[in-house]
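Please read the structure below before turning to the comments.
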Amino acid sequence: MEPLHHDDPPWIGPHALLARLDADSDRAVPARRYIARSADGDRTLLVLLPRPDADPARWAVEAEGARRLSLPGLPPVTEVGGTADAPWCATPYVPALPLPAALRAHGGPLPEPAVRTLGAALARTLATAHTHGVTHAGLSPSAVLLTTGGPLLGCFGAVRAAGPDGERRDGLPGLEPGCLAPEQAAGGRPRPLGDVYALGAVLAHAATGHTVPERDELPVSLRALITSCLARDPAARPQAHQVLAHLEPPAVPSAAPHPATLLDGPSYHPATVLDGPSHHPATVLDGPSHHPLTVLDVGAAPVAGALPALVVAALARQAARVLAAEAPVPATALPHPTALD
């Protein structure tokens, strides 16, 4: 959580900005992320804008795709707005540290038990998404938000938003090079095994502090798994559910699993997942009656009991600062040219 810059807009839509989520030193972040409060002061949100060097139209397509999804482990996008040149989206705020900030708070790489817990949670999220034809295409250290209720995986579609299929993506702003699978860097369509490559890079970052470590730097018990995730040949990588099985013992089946749903507004039309070349939609059908498609989560979501004490303390400080933040000035009191509609 960082102070606002002088050139940050005071308002985004109906939301007053309180602070930046990311530090200036975190360059590979595919969106500008702000902690904000609603005009009536009743709600706190995380509001996202595309980077100034991003294609706002492609970014808006992915934001809308995220809004249509409701999957365990993904922060729900509850609002989209703005204009064609300045889109934005919002998700409910919970105290959260991006993974790079968590490592700074801890003073270095996370302990091995915390890395395993993190990896299991992220693999569970990806396995659930992949089962239903959804490729995240945005996993990186900055996309991982650590909370006391478990990690959330944001930045949905960042690779697709950065550049179209068929054009090289290596070197594009906002993408972490070490998390970009070789086939995606070359312009290939993002697919599930590209998510697995990025998962390996994220676990390497959590365990060593960087996404492209030497093999001997990795914890012995995770070395083979992370190395296999980072295989250049997609066929040599494990599936997300296999990563989950390696990191976590089989869960005892629940008598009443909590369903996640893919919704598309109040009429529950089929949800559209944007995961194709040139953003042609792949449609996830939900049956002839158009009831919400039920997606059973792969196991129960873990609580973040493995978070180091210094990370938990940093989350508590952030929560206190947000709670104490000055209430927003009514939107009518602000000159319109400084606000984003």
Side-chain angles (χ1 to χ4, degrees), residues 1-70 74-98 101 138 142-143 145 147 152 154-158 161-162 173-174 265-266 314-315 317-341:
M1 181 174 172
E2 302 290 333
L4 294 174
H5 293 181
H6 67 88
D7 56 349
D8 286 326
W11 289 75
I12 297 177
H15 308 304
L17 302 190
L18 303 177
R20 287 184 166 224
L21 180 67
D22 299 287
D24 293 340
S25 58
D26 296 332
R27 300 297 183 185
V29 183
R32 291 174 286 168
R33 300 187 288 194
Y34 298 95
I35 300 171
R37 187 162 295 150
S38 60
D40 59 12
D42 288 343
R43 293 180 300 134
T44 306
L45 306 100
L46 189 63
V47 179
L48 289 76
L49 295 174
R51 294 167 55 102
D53 48 15
D55 181 337
R58 298 186 67 84
W59 190 92
V61 167
E62 295 301 333
E64 176 61 21
R67 186 192 67 80
R68 294 170 181 263
L69 286 174
S70 179
L74 301 185
V77 174
T78 53
E79 299 178 52
V80 294
T83 64
D85 293 331
W88 58 268
C89 67
T91 185
Y93 166 79
V94 294
L97 290 181
S142 64
L145 302 179
T147 80
L152 296 173
C155 301
F156 179 79
L315 288 168
R317 288 194 298 272
Q318 182 190 107
R321 289 174 63 190
V322 170
L323 186 64
E326 187 174 340
V329 176
T332 54
L334 290 170
H336 293 294
T338 63
L340 292 181
D341 293 330

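Nearest heavy-atom pair across V80 and A63 is CG1-O, 4.1 Å. A pairwise comparison of heavy atoms in C155 and R33 identifies SG-NH1, 3.9 Å as the closest pair. Taking all atoms of both residues into account, the shortest heavy-atom contact from P98 to D22 is CG-OD1, 3.5 Å. Of all the heavy atoms in A90 and L45, the pair that sits closest is CB-CD2, 4.0 Å. Minimum interatomic distance between L17 and P9 (heavy atoms only, all atoms of both residues): CD1-O, 2.8 Å.
Residues satisfying the side chain to side chain donor-acceptor pair (under 3.5 Å) test with R43, not counting sequence neighbours, are E79. In this view, T91 and L46, P75, P76 satisfy the side-chain contact (heavy atoms from CB on, under 4.5 Å) rule, not counting sequence neighbours. Applying the side-chain contact (heavy atoms from CB on, under 4.5 Å) criterion to P87, with sequence neighbours excluded, gives P50, P56, W59, A60. Residues passing the side-chain contact (heavy atoms from CB on, under 4.5 Å) test with A320: none are found, sequence neighbours excluded. Partners of D24 according to the side chain to side chain donor-acceptor pair (under 3.5 Å) rule, which considers only residues two or more places apart in sequence or in another chain, are H5. The salt bridge (Lys or Arg N to Asp or Glu O under 4.0 Å) search around D53 returns R51, not counting sequence neighbours.
Rounding to the nearest 0.5 Å gives a distance of 9.0 Å between OG1 of T44 and CD1 of I35. Interatomic distance, L48 CG to C89 SG, rounded to the nearest 0.5 Å: 4.5 Å. The distance from the CG atom of L152 to the CG atom of L74 is 8.5 Å, given to the nearest 0.5 Å.
Considering only heavy atoms from C-beta on, V47 stays 4.5 Å or farther from R32 through its side chain. Contact check for Y34 versus L21: no side-chain heavy atoms found under the 4.5 Å cut-off. Side-chain contact between D8 and R20 is present, with heavy atoms from C-beta onward closer than 4.5 Å. Using a 4.5 Å cut-off on side-chain heavy atoms (C-beta onward), P95 and T147 make no contact.
Looking only at atom types and distance, the side chain of D85 has no donor-acceptor partner in the side chain of T83 under 3.5 Å away.
Formation of a donor-acceptor pair under 3.5 Å by the Q318 side chain with backbone atoms of M1 is not found in this model.
Residues E62 and R58 are not paired through a salt bridge, judged by the lack of any N-O separation under 4.0 Å between the basic side chain and the carboxylate.
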